[in-house]
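Sequential numbering from 1 along the given sequence is applied to the chain's residues. Keep in mind that the numbers below use all heavy atoms, side chains included, and drop hydrogens, waters and symmetry copies.
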Amino acid sequence: MTQKNLALVLGGGGAAGNAWMIGIVAGLAEAGVDLTETADLVIGTSAGANAAAQVLSGISPAELLAATLVPPPAQPAVQSRPVSPPRPMEAVFERMRTISAAATTRAELQRAMAAYGLESDASFGPEVAEQRRALVARRLPSLDWPDRPMLIVAVNAETGELATFDRESGVALVDAAAAAISLPGAGPTHRINGTRYISGGVRSVDNADLASGYRNVIVLSPFSGRTGPLPPGGQFEGLRRPPGADLASEVEGLRLAGSRVEVITPDPNSRTAMGVNQMDLATRIPSARAGYEQGKQEATRLTNL
């Protein structure tokens, strides 16, 4: 295998998307295509950042799937400290749709989303950021960066510019992963070394263009390929992407540069399993199972990578 042969791109997708991607990876491995062994780079956006850490953890795909299929523990009746209640998401996503509809360029979209993130910071106490960082730490398979290349995508909330974190960035993995899921309006920005960051998902759901230079690129995209009417409020669908910020444009750019690109999106069974609220933890187990079955079917087109 030559250097820079295969990049694996794991897109944003909430709890359902994370579980679906683990299911896909496990199903592919079952069919003889083990991306945990063959990927030279893994790029993670939003929930894909956690999935990237899982894929490169050294844990086998079967074990990753088994862990995903374990029901989440019941919440204790009495909390040792107050936990911030979940924020209603309908208004957040409506604001994000308004911002995305007005943006004419990717840079404009990033700046506007970053401004929204900074604006909403005032409505969150410092304990919210602490709780989210602790939650991310519990979900990571390890607090150490993997030895193999991994890139986590965020956006600088103070400038609107792209920010990427890897093993050489000097940023703790848990902070990079926490920044990756800091959705504007849904929670506070994440502060790293005095700078505030938001999710790289506001730049692109997948950020597949960051795989430029790789001979082969596999994109697992939980939110792409969806058609039909807009789901109920509180969903990611309906966020308009300026030209160049959508997956189709990113894939076209990679192919024009000489990369072979294969995109896997949820099939009908997976979409049903993921439901209309992909942030609902109850979607994880059905999404992982559906992804596993889909992954076994998708392996035939990846065997020559």
Show every salt bridge (Lys or Arg N to Asp or Glu O under 4.0 Å) that has at least one partner inside [range], sequence neighbours left out.
range: residues 296-305; value: E262-R301, E293-K296, E298-R301
range: residues 149-166; value: E158-R196
range: residues 45-69; value: none
range: residues 99-120; value: R95-E119, R106-D209, R106-E250

From [X] [atom1] over to [Y] [atom2], what is the distance, rounded to the nearest 0.5 angstrom?
X: L35; Y: L6; atom1: CG; atom2: CG; result: 6.5 Å
X: F93; Y: S100; atom1: CZ; atom2: OG; result: 11.0 Å
X: I198; Y: L118; atom1: CD1; atom2: CG; result: 8.0 Å
X: S199; Y: I152; atom1: OG; atom2: CD1; result: 11.0 Å
X: I24; Y: I218; atom1: CD1; atom2: CD1; result: 11.0 Å
X: M21; Y: S221; atom1: CE; atom2: OG; result: 8.5 Å

Step-by-step side chain to side chain contact (heavy atoms under 4.5 Å, CB included) determination, V219 to I264: CA-CA 6 Å; V219 183; I264 298 177; over 6 Å; no
Nearest atoms (heavy-atom pairs only) where [X] meets [Y]:
X: A114; Y: A157; answer: CB-O, 3.4 Å
X: L220; Y: D206; answer: O-OD1, 4.2 Å
X: A39; Y: L8; answer: CB-CB, 4.1 Å
X: Y214; Y: D40; answer: CE2-CB, 4.1 Å
X: I99; Y: A112; answer: CG2-CB, 3.5 Å
X: S270; Y: Q294; answer: OG-OE1, 2.8 Å

Look only at the side chain of [X] and the backbone of [Y], and say whether a donor-acceptor pair between them is shorter than 3.5 Å.
X: S249; Y: A245; result: no
X: T283; Y: M279; result: no
X: N207; Y: L210; result: no
X: S120; Y: G117; result: yes
X: N18; Y: A15; result: no
X: S259; Y: R255; result: no

Under the side chain to side chain contact (heavy atoms under 4.5 Å, CB included) test, residues paired with S212 that sit two or more places apart: L254
Residues which pass side chain to side chain contact (heavy atoms under 4.5 Å, CB included) with Q297, listed by chain and number, not counting sequence neighbours: none
Heavy-atom side-chain contact between [X] and [Y] under 4.5 Å:
X: N50; Y: V136; result: no
X: L10; Y: I43; result: no
X: V205; Y: L247; result: no
X: L109; Y: V202; result: no
X: M96; Y: M113; result: yes
X: T68; Y: I285; result: no
X: S142; Y: S57; result: no

Test log, rule side chain to side chain contact (heavy atoms under 4.5 Å, CB included), inputs R191 and T195: CA-CA 5 Å; R191 190 179 296 272; T195 301; over 6 Å; no
Please report, to 0.1 Å, the donor-acceptor pairs under 3.5 Å made by any side chain of residues 172-190, with sequence neighbours excluded.
from : atom 1 : to   : atom 2 : distance (Å)
D175 : OD1    : R133 : NE     : 2.8
D175 : OD1    : H190 : NE2    : 2.8
D175 : OD2    : R133 : NH2    : 3.2
S182 : OG     : R132 : NH2    : 3.0
S182 : OG     : A178 : O      : 2.8
T189 : OG1    : D121 : OD1    : 3.4
T189 : OG1    : D121 : OD2    : 2.7

ring-ring contact (aromatic ring centres under 6.0 Å, His included): pairs with one or both residues in residues 144-166, sequence neighbours excluded: F165-Y197
Residue pairs, two or more places apart or on separate chains, that pass ring-ring contact (aromatic ring centres under 6.0 Å, His included) and touch residues 248-270: none
Donor-acceptor pair between T36 and D34 side chains, under 3.5 angstrom: yes
N269 versus T272, side-chain donor and acceptor atoms under 3.5 Å: no
Give a yes or no on whether [X] and [Y] share a hydrophobic cluster (residues Ile, Leu, Val, Met, Phe, Trp, Tyr; joining criterion: side-chain heavy atoms under 4.5 Å apart).
X: L65; Y: L302; result: no
X: V9; Y: L162; result: yes
X: L69; Y: M274; result: no
X: V171; Y: L140; result: yes
X: L281; Y: V276; result: no

Residues that, via side-chain heavy atoms closer than 4.5 angstrom, fall in one hydrophobic cluster with L135: none
Remaining members of hydrophobic cluster (4.5 Å side-chain criterion), L64: I22, I59
For Y292, all residues meeting ring pair (Phe, Tyr, Trp, His ring centres under 6.0 Å), sequence neighbours excluded: none
Steps toward side chain to side chain contact (heavy atoms under 4.5 Å, CB included) verdict (M150, V55): CA-CA 10 Å; M150 179 172 75; V55 166; over 6 Å; no
